[in-house]
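First the structure, in the form of structure tokens, and then the observations on it.
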2 protein chains.
Amino acid sequence: MTSTEPGLRPTKQRLAVAAAMSSFEDFRSAQDIHELLAHRGDPVGLATVYRTLQRMVDAGEVDLLRTEDGEAIYRRCSDTHHHHLVCRDCGATVEVEGPAVERWTRAIAGEHGYGDVSHTLEIFGTCPSCR
Amino acid sequence: MTSTEPGLRPTKQRLAVAAAMSSFEDFRSAQDIHELLAHRGDPVGLATVYRTLQRMVDAGEVDLLRTEDGEAIYRRCSDTHHHHLVCRDCGATVEVEGPAVERWTRAIAGEHGYGDVSHTLEIFGTCPSCR
DNA sequence: ACAGAGTTGACAACCGTTCTCAACTAGCCT
DNA sequence: AGGCTAGTTGAGAACGGTTGTCAACTCTGT
Ligand SMILES: [Zn+2]
Ligand SMILES: [Zn+2]
Ligand SMILES: [Zn+2]
Ligand SMILES: [Zn+2]
């Protein structure tokens, strides 16, 4: 837990979740992480897992994206703005950057008079080892 | 209902949903559409609304995207590949195209050995009349 | 040790979506 | 027209991910 706000305690549970998030590279659901912690011998209540992940997402320590059916999946990510190239089969994820895309989205929005612009961009494919 | 498959009937309900989808420009949830139909005097069961929307999404007649909290929202769209510039406040939506982005995503995926590439890209902002 | 704010977790509640299945149609054959 | 059949509908139940509840617990400072 990097983010230290006033009155935010580094409890066993929060540290366990943070550790778990550092132990894999792909995107996983809250329930997966909850199970992983249980198997690992650091059981953490499901509600706490959700709460902690939320906090980490807000702090920018973790990226959240949605599967095709709307389920939230989480991954520890670098703190700079980036996007993901995700394997549709095994979940293997690569962080990618595209300055041109950043420029383009801002330009398009400007052309239509939209301000305060943000965007989401994810690329899906089949990774080399899943072909 | 444009898509005519073998044994697919243009029922009152399906036509009503199709008509409803042509009556607005922004993205709406299935429940919104269900209510809209009721108010309009063409009540259609919620399950049927979901089923019909699914079918239209599969047929490419309707675009589906997810709100921040994972809810599915639907909009009648042109059948060519495109993305959306959506007003965060009122939902006003503009379809946009970006050949450069299309090229870029394919290139990035290729560089990492990913094949069978697809992507999602949505731009959010505040439209002129909501500023 | 004590107080008080922060945290936890079992469980219930929520809510969007999907399933079930008996009743109902639209379309087709005679 | 009458009947046959595959397709469709909708009320309600079920499902599954997520959030809320709240009494018990745990830090941390005094
Ligand atoms: Zn893979
Ligand atoms: Zn970006
Ligand atoms: Zn607007
Ligand atoms: Zn595209």
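Below, chain A is the first sequence line, B the second, and so on; all start at residue 1. All values below come from the heavy atoms of this structure, side chains included, with hydrogens, waters and symmetry mates left out.
- With hydrogens and angles left out, the side chain of A:R9 and the base of D:dT28 share no donor-acceptor pair within 3.5 Å.
- Heavy atoms from other residues, nucleotides or ligands lying under 6.0 Å from CD of B:E95 number more than 12.
- Checking side-chain atoms of A:R88 against main-chain N and O of B:D116 turns up a donor-acceptor pair under 3.5 Å.
- Atom pair A:D32:CG and D:dG16:P shows a separation of 15 Å (rounding to whole Å applied).
- Residue side chain B:R51 reaches the base of D:dG10 through a donor-acceptor N/O pair under 3.5 Å, judged by distance alone.
- Within the cation-pi definition used here (under 6.0 Å to the ring centroid, within 45° of the axis), B:R28 qualifies as a partner of B:F24.
- Nucleotide D:dG12 holds its P atom 12 Å from the NE2 atom of B:H34, rounded to whole Å.
- In this structure, of C:dA26, C:dG9, D:dT9, it is C:dG9 that holds the atom nearest to the side chain of A:Q13.
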A:H81 and A:H119: side-chain contact (heavy atoms from CB on, under 4.5 Å), yes or no, with the steps? CA-CA 11 Å; A:H81 177 83; A:H119 61 265; 3.2 Å; yes
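- With 3.5 Å as the limit, one finds no donor-acceptor pair spanning the side chains of A:E97 and A:H82.
- The side chain of B:K12 sits closest to C:dA26 out of D:dT26, C:dA26, D:dT21.
- Shown here for A:M21 and A:R76, the closest heavy-atom pair between the two residues is O-CB, 3.4 Å.
- A salt bridge is absent between A:R75 and A:E61; no separation between the charged side-chain nitrogens and carboxylate oxygens falls under 4.0 Å.
- Looking only at distances, a side-chain donor or acceptor of A:E122 sits under 3.5 Å from a matching main-chain atom of A:H84.
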Summary of protein contacts for nucleotides 11-18 of chain C, nucleotide by nucleotide, where a base hit scores B, a sugar-phosphate-only hit scores S (4.0 Å, heavy atoms): -----SBB
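- Without hydrogens or angle criteria, B:T93 side chain to B:G91 main chain gives a donor-acceptor distance under 3.5 Å.
- The distance from atom CG of A:L15 to atom P of C:dG6 is 19 Å, rounded to the nearest whole Å.
- Rounded to whole angstrom, the span from the CZ atom of A:R55 across to the C1' atom of D:dT19 amounts to 15 Å.
- With D:dC27, C:dG27, D:dT9 as the candidates, the nucleotide lying closest to the side chain of B:P10 is C:dG27.
- OP1 or OP2 of D:dT9 has at least one side-chain nitrogen or oxygen of B:T11 nearer than 4.0 Å.
- Put simply, CG on B:D42 is 15 Å from C1' on D:dT9, counting in whole angstrom units.
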Nucleotide-level pairing of DNA chain C, given in dot-bracket where Watson-Crick and G-U pairs need both distances under 3.5 Å and | marks other strands: ||||||||||||||||||||||||||||||
